[in-house]
Amino acid sequence: MGGIKKIAVSVGNNDGDGDDAYIGVNIGTDVSEMPSPKEIVALLKAQGIQHVRLYDADQSLLLALANTGIRVAVSVPNDQLLGIGQSNATAAKWVSRNVIAHVPATNITSIAVGSEILTTLPNAAPLIVSALTFIHSALVAANLDQQIKVSTPHSSSIILDSFPPSQAFFNRTWNPVMVPLLKFLQSTGSYLMLNVYPYYDYQQSNGVIPLDYALFRPLPPNKEAVDPNTLLHYTNVFDAVVDAAYFAMSDLNFTNIPIVVTESGWPSKGDSSSEPDATVDNANTYNSNLIRHVLNNTGTPKHPGIAVSTYIYELYNEDLRTGPTSEKYWGLFYANGEPVYTLHLTGAGTIFANDTTNQTFCVTKSNADAKMLQAALDWACGPGKVDCSPLLQGQPCYEPDNVVSHATYAFNAYYQKMAKSPGTCDFKGVATITTTDPSHGSCIFPGSFGKKGSKINGTLLAPSNSTSSGCLSQYHYNGGSFTSSVILVALLLNVFVM
């Protein structure tokens, strides 16, 4: 995918040369209300993201990422390739400003030099290897070459005759570039960066590629693609393209260079006539299956068990992008942090806070006694230290004004605050756990994604000890009206003790 400036983020513990794969997410910046660096970093932390990749070396974001422990990849933009590829001194200056100035506070682990140069800026292709070499030399001089790898992302379209994979080879036109490039990657212990888009392969196949094959959906054995030369079975387009790259490298006698997929994804919306398969369901299916596939360290048929770390395209929908309708809709999230869809990641480990497969809430039981509910509500809003201010008259969760509704809010806030620990959704038998989000209208419950997309964290709802002053607010109902009064902690503890 093209783009003026992008960022990528990933979830995992290892970089491309590690044993375990990680999942990344590209972030395009063609967004009318682009989050600030501080907001981006907050989202990364909220999502448990441990790697970040920038498609430039944005100084403010690098500073915001300092002391976070997040691994960072920076990039040389295409428009700077000419200067760096022609001058060792220019490359050294770039590394000094964009890398050395930020380490070790910012944990930079790799540098991508340019993006899809062979297909988007072919006139600059002869400078790729010199640019890589000059950047690497600057890292060697700074004694950073072991911790920071250098490579350049390629479009998978440079691979010709990609199926069956065993027959694949790189466009011979680029052999004068690819051979020294692969030698560089091999000698420095780096990896081939490749952009893989089964969506486009499917779209351009005129019906030859089944949709299920592109989406990682299970296929009956008789529908799997079989490489007649190796007899390897391919159950999805992604693996076939990655193996085609492995075979293309083998065609040039390079057999030990790993691959990192720098872009892959599926759009959630497109033109109704020309892009009918750009849908929320297909995007969710592809990305959820891709994440599972990568994090299971399945590898590919040619190299089973060998990690293929992958960056999903992309984190945010880019509303300012031009071109086909789908260009604006590759994101997992809107710019405000609200998920475009909920990834289905059961069995894939803990990644992405927008995976609500195991999202649970605490609500009142349908047959609960009203007096018991009132006592439990009083406890939650008192000794339980839940912030019940949203339940006050005029606040978002005041309506409906009844003990069942208000108790549900308070019970869930306590449950989320206590990190859903066992026994924190009981309240003397009047509460139960559900997977149905009880939020309604403008009343967004803790643990849910609000209208603006920020996940409401129950721990943030607990009032500080300095505000209690030995007194607590008790929320009760008289003839259906909601009032607030103040009572002593000791008295309340005698009424209801958890």
Side-chain angles (χ1 to χ4, degrees), residues 10-24 51 109-110 112 149-170 178-179 181-198 201 209 213-216 218-219 221 224-265 286 289-312 347-349:
S10 64
V11 181
N13 297 316
N14 298 287
D15 295 304
D17 54 351
D19 294 329
D20 293 329
Y22 60 79
I23 278 289
H51 297 68
T109 57
S110 64
K149 300 301 180 183
V150 185
S151 189
T152 183
H154 297 284
S155 165
S156 61
S157 64
I158 67 169
I159 304 169
L160 302 183
D161 201 9
S162 59
F163 200 89
S166 62
Q167 295 180 190
F169 58 93
F170 293 119
M178 290 304 298
V179 171
L181 169 61
L182 294 173
K183 284 182 179 178
F184 170 85
L185 298 179
Q186 185 178 61
S187 66
T188 60
S190 190
Y191 37 84
L192 182 74
M193 292 179 172
L194 187 69
N195 296 341
V196 178
Y197 282 102
D201 293 326
I209 295 177
Y213 184 55
L215 293 174
F216 291 91
L219 296 172
E224 293 177 358
V226 180
D227 187 320
N229 302 313
T230 62
L231 300 183
L232 293 174
H233 287 237
Y234 288 89
T235 60
N236 61 80
V237 174
F238 180 87
D239 281 353
V241 175
V242 172
D243 269 2
Y246 281 129
F247 278 108
M249 286 192 284
S250 297
D251 180 62
L252 296 177
N253 296 316
F254 294 91
T255 58
N256 59 349
I257 298 173
I259 291 173
V260 168
V261 174
T262 38
E263 292 181 15
S264 191
Y286 179 82
N289 287 340
L290 172 64
I291 291 169
R292 250 193 314 271
H293 183 68
V294 170
L295 294 186
N296 284 344
N297 290 304
T298 306
T300 65
K302 178 172 171 59
H303 290 302
I306 302 299
V308 183
S309 295
T310 301
Y311 292 86
I312 294 175

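A search for side-chain hydrogen bond (donor to acceptor under 3.5 Å, both in side chains) contacts involving D201 returns nothing, not counting sequence neighbours. Considering only residues two or more places apart in sequence or on other chains, Y286 meets the ring-ring contact (aromatic ring centres under 6.0 Å, His included) condition with F216, W266. Every residue meeting the side chain to side chain contact (heavy atoms under 4.5 Å, CB included) condition with A168, not counting sequence neighbours, appears here in chain and number order: I159, A244. Scored by the side chain to side chain contact (heavy atoms under 4.5 Å, CB included) test, L160 finds F169, N171 as partners (sequence neighbours excluded).
If you take CG on D227 and NZ on K302, they are separated by 10.0 Å, rounding to the nearest 0.5 Å. The line from OH of Y311 to CE of M193 is 7.0 Å long, rounded to the nearest 0.5 Å. Note that the CG atom of L192 and the OG1 atom of T152 stand 9.5 Å from one another [nearest 0.5 Å]. Here the straight-line distance linking atom CD of Q167 with atom CG of N229 works out to 5.0 Å at 0.5 Å rounding. Taken from CG in N253 to NZ in K183, the straight-line distance is 10.0 Å, to the nearest 0.5 Å. Here the CZ atom belonging to F247 is positioned 12.5 Å from the CG atom belonging to D161, to the nearest 0.5 angstrom.
Side-chain contact annotation: T262 with N195, donor-acceptor N/O pair under 3.5 Å present. Between the side chains of T188 and S190, no donor-acceptor pair of N or O atoms lies under 3.5 Å.
Of the possible donor and acceptor atoms, none in the side chain of D20 sits under 3.5 Å from a partner among the backbone N and O of L295. At least one donor-acceptor pair closer than 3.5 Å links the side chain of T310 to the backbone N or O of V308. S151 places a side-chain N or O within donor-acceptor distance of the main-chain N or O of Y191, the cut-off being under 3.5 Å.
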Can you give the donor-acceptor pairs under 3.5 Å from side chains of residues 232-242 to other protein atoms, not counting sequence neighbours?
residue, atom, partner, partner atom, Å
H233, ND1, E224, OE1, 3.0
Y234, OH, D243, OD2, 2.6
N236, OD1, F238, N, 3.2
N236, OD1, D239, N, 2.7
N236, ND2, D239, OD2, 3.2
D239, OD1, H293, NE2, 2.8
D239, OD2, H293, NE2, 3.2

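Screening residues 245-256 for salt bridge (charged side-chain N to carboxylate O under 4.0 Å, His left out), with sequence neighbours left out, gives R172-D251.
Taking the side chain as every heavy atom from C-beta outward, F163 and I209 never approach each other to under 4.5 Å.
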